[in-house]
2 protein chains.
Amino acid sequence: MSQHRPPGAPERSVAVPALPDLPEATVARLPEYLRALHNLAENGHETVSSEWLATAAGVNSAKLRKDLSHLGSYGTRGVGYDVALLIDQIEYVLGLTQRRTVALVGVGNLGHALAGYDGFATRGFRIAALFDADPVRVGEEINGLVVRHVDELSRVATEESIAIGVIATPAAAAQRVADRLVAGGVTSILNFAPCVLTVPDGVDVRKVDLAVELQILSFHEHRKASLTALPAAGEATLTPLPGSLAATDPQEAIGT
Amino acid sequence: MSQHRPPGAPERSVAVPALPDLPEATVARLPEYLRALHNLAENGHETVSSEWLATAAGVNSAKLRKDLSHLGSYGTRGVGYDVALLIDQIEYVLGLTQRRTVALVGVGNLGHALAGYDGFATRGFRIAALFDADPVRVGEEINGLVVRHVDELSRVATEESIAIGVIATPAAAAQRVADRLVAGGVTSILNFAPCVLTVPDGVDVRKVDLAVELQILSFHEHRKASLTALPAAGEATLTPLPGSLAATDPQEAIGT
DNA sequence: AAGCGCTTGTGAAGACACGCACAAATCGCG
DNA sequence: CGCGATTTGTGCGTGTCTTCACAAGCGCTT
Ligand SMILES: NC(=O)c1ccc[n+]([C@@H]2O[C@H](COP(=O)([O-])OP(=O)(O)OC[C@H]3O[C@@H](n4cnc5c(N)ncnc54)[C@H](O)[C@@H]3O)[C@@H](O)[C@H]2O)c1
Ligand SMILES: NC(=O)c1ccc[n+]([C@@H]2O[C@H](COP(=O)([O-])OP(=O)(O)OC[C@H]3O[C@@H](n4cnc5c(N)ncnc54)[C@H](O)[C@@H]3O)[C@@H](O)[C@H]2O)c1
């Protein structure tokens, strides 16, 4: 995650937009803009105002304009943005002009759903390989791809130039899988297992955790309830230490 | 999302922590701490230092201490935090002392995986109902729950006091489903469909979009590549506007 | 060709988040 | 009983993100 730049490189201003240093918050919103733009393009719109696009993406219009201004000035005052041009710009910046290959590890419950998901293909990615450790699963064909054994992971990742690894194994196996991905030269990982991964510098990890999302929602539920029901002492029947709820997570302990 | 508090209420310091106003960033990290704490508890640890817990949760220790300090002072200087106590505190704040009921709408590819996921139960939630629009799917039994028709959604949501709705339908159907959830009194929604939902004030929506995550990773890949390969003009063979890549998303246009 | 309405791009201010660094507190030991 | 080792809780400087508000630019109309 080192954000340094070699001070020797004199920042030669090529004709290419040359990958400006986008704020991370902006990067996280660009995909949303892109999706909204594709919708507009399908509906035959050729231009769109920041107000419109912002609404479609669910953000403030000033924020959207500032985000887009970081890519360069591709809007026309008094008119708006050219939809097709903007799509190309954002896709270029996001690196979607070359379709990235994805390896999916862990073809269980969730993995099956992901393997069969058409959203990969339609949004710029290609699943190039599936892996699992279960001998029963290895060899199975899903969507035209044969599940390989995870022992082949590093080798295949290198051979097929896998760009992104998706981990859908139990948490206990996730770190091992991540290590193998890294060994295979993968520098981007999307982790669905509820655990923290340790990876070398230069490798990006993003995590999607269903339970985290639900618990955040739960907090707000709790808050809303305590605001409306406080005067009547509604939910405040606290039960300070109600034993232990749930706990025992089958997904083994932290191995450190 | 109105963050106001009635200025009349004199902030009576009850025995209950009384739901402090947590920064949103803190709320988003609490579930991660909770998971790490459960791991520690399973391994028999009774106390933990901020340093340890921070590492396990993948954050800076000062940040962790500040986060926890917002819940009140439950640590002991020179010793650390009592694991069991902290678990109870965080679960209380997150509103997990009462197990929240979840309704899952859209039992397709992804929905099946979610319905069969044990992470709901082990992390404080209970799936109370499944819904789908496809007559073939309605009636199917998954994990002891019968799939109901989505027309029953509002009614059942009210009857069963559903706290959280999870949307796993195609994007084109998501807004309609959200409307029905809201009509049934649901005030928290987790949306897996790639679209923006419009909901009344007081209803919280969180979105999980696989493609967004991948595209963010793609950006960083692109960036890493352009940094290392720039001097040799590696990937910089730009092809400024390479026609249109992919596009045509089968998931219908924005219905506004 | 000038005016007018519309929309972009951005300066500035405020809000929020982060992380260092240290004082205050606690424990264990001699 | 006092001291040193340890760890929490937090004040503060710094940087990032958001939002407002408006000047500058564009095209259309007259
Ligand atoms: N199912 C869901 O809806 C869901 C939702 C959110 C998160 N998750 C998380 O995703 C992960 C997978 O969930 P699931 O429900 O698919 O579990 P699962 O048990 O159905 O599937 C896990 C798969 O990983 C394989 N596996 C185990 N060890 C492996 C290894 N070392 N290398 C390669 N493959 C290995 C197993 O053979 C199995 O096929 C879990 O960490 C879970 O917590 C699941
Ligand atoms: N499959 C994945 O791995 C994956 C990953 C990320 C996001 N998603 C998103 O999740 C959603 C579901 O994906 P999927 O692969 O499960 O699709 P799917 O087509 O397999 O399942 C969709 C289900 O929703 C049902 N449905 C359709 N309209 C409905 C309505 N009005 N009310 C109730 N149910 C309705 C369908 O009958 C079907 O069973 C999509 O929006 C997809 O983009 C899927």
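Atoms considered below: every heavy atom in the structure, side chains included; atoms not considered: hydrogens, waters and symmetry mates.
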Calculate the interatomic distance between [X] atom [atom1] and [N] atom [atom2]; express it in whole Å.
{"X": "A/Leu85", "N": "C/dT8", "atom1": "CG", "atom2": "C1'", "answer": "15 Å"}
{"X": "A/Leu53", "N": "C/dT7", "atom1": "CG", "atom2": "C1'", "answer": "14 Å"}
{"X": "B/His70", "N": "D/dT10", "atom1": "NE2", "atom2": "P", "answer": "9 Å"}
{"X": "B/Leu64", "N": "C/dC18", "atom1": "CG", "atom2": "C1'", "answer": "14 Å"}
{"X": "B/Glu51", "N": "C/dG19", "atom1": "CD", "atom2": "P", "answer": "13 Å"}
{"X": "B/Tyr33", "N": "D/dT8", "atom1": "OH", "atom2": "P", "answer": "13 Å"}
{"X": "B/Leu71", "N": "D/dT8", "atom1": "CG", "atom2": "C1'", "answer": "14 Å"}
{"X": "B/Leu22", "N": "C/dA15", "atom1": "CG", "atom2": "C1'", "answer": "17 Å"}

Which residue lies toward the 5' end of DNA chain D, B/Ala62 or A/Ala62, if each is placed at its nearest nucleotide?
->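 Of the two residues, B/Ala62 wins.
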Pick the nucleotide of DNA chain D nearest each of A/Thr76 and A/Lys63; which residue has the one closer to the 5' end?
->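 It is A/Lys63, whose closest nucleotide lies nearer the 5' terminus.
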Can you tell me if [X] touches the phosphate of [N], counting only side-chain N or O atoms and a distance under 4.0 Å to OP1 or OP2?
{"X": "B/Tyr81", "N": "D/dG9", "value": "yes"}
{"X": "B/Ser50", "N": "D/dT7", "value": "no"}
{"X": "B/Asn60", "N": "C/dC20", "value": "yes"}

Counting distance only, does the side-chain N/O of [X] pair as donor-acceptor with the main-chain N or O of [Y] below 3.5 Å?
{"X": "B/Asn60", "Y": "B/Ala62", "answer": "yes"}
{"X": "A/Ser50", "Y": "A/Ser61", "answer": "no"}
{"X": "B/His222", "Y": "A/Val93", "answer": "yes"}

I want to verify a distance call: between [options], whose nearest atom is closest to the [X] side chain?
{"X": "B/Arg65", "options": "C/dT7, C/dC18, C/dC22", "value": "C/dC22"}
{"X": "A/Lys66", "options": "D/dT18, C/dT26, D/dT10", "value": "D/dT18"}
{"X": "A/Ser49", "options": "C/dG9, D/dC17, C/dT7", "value": "C/dT7"}
{"X": "A/Ser69", "options": "D/dG27, C/dT10, C/dT8", "value": "C/dT10"}
{"X": "B/Arg77", "options": "C/dA24, C/dA17, C/dC20", "value": "C/dA24"}

Select base, sugar-phosphate, or nothing to describe what A/Ala25 touches, counting heavy atoms under 4.0 Å on all strands.
->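 Sugar-phosphate contact only.
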Could you grab the distance from atom CD of A/Gln175 to atom CG of A/Asp179, nearest 0.5 Å is fine?
->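 The CD atom of A/Gln175 sits 4.5 Å away from the CG atom of A/Asp179.
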With the threshold set at 4.0 Å, does a side-chain nitrogen-carboxylate oxygen contact exist between A/Asp209 and B/Arg123?
->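 Yes, this pair counts.
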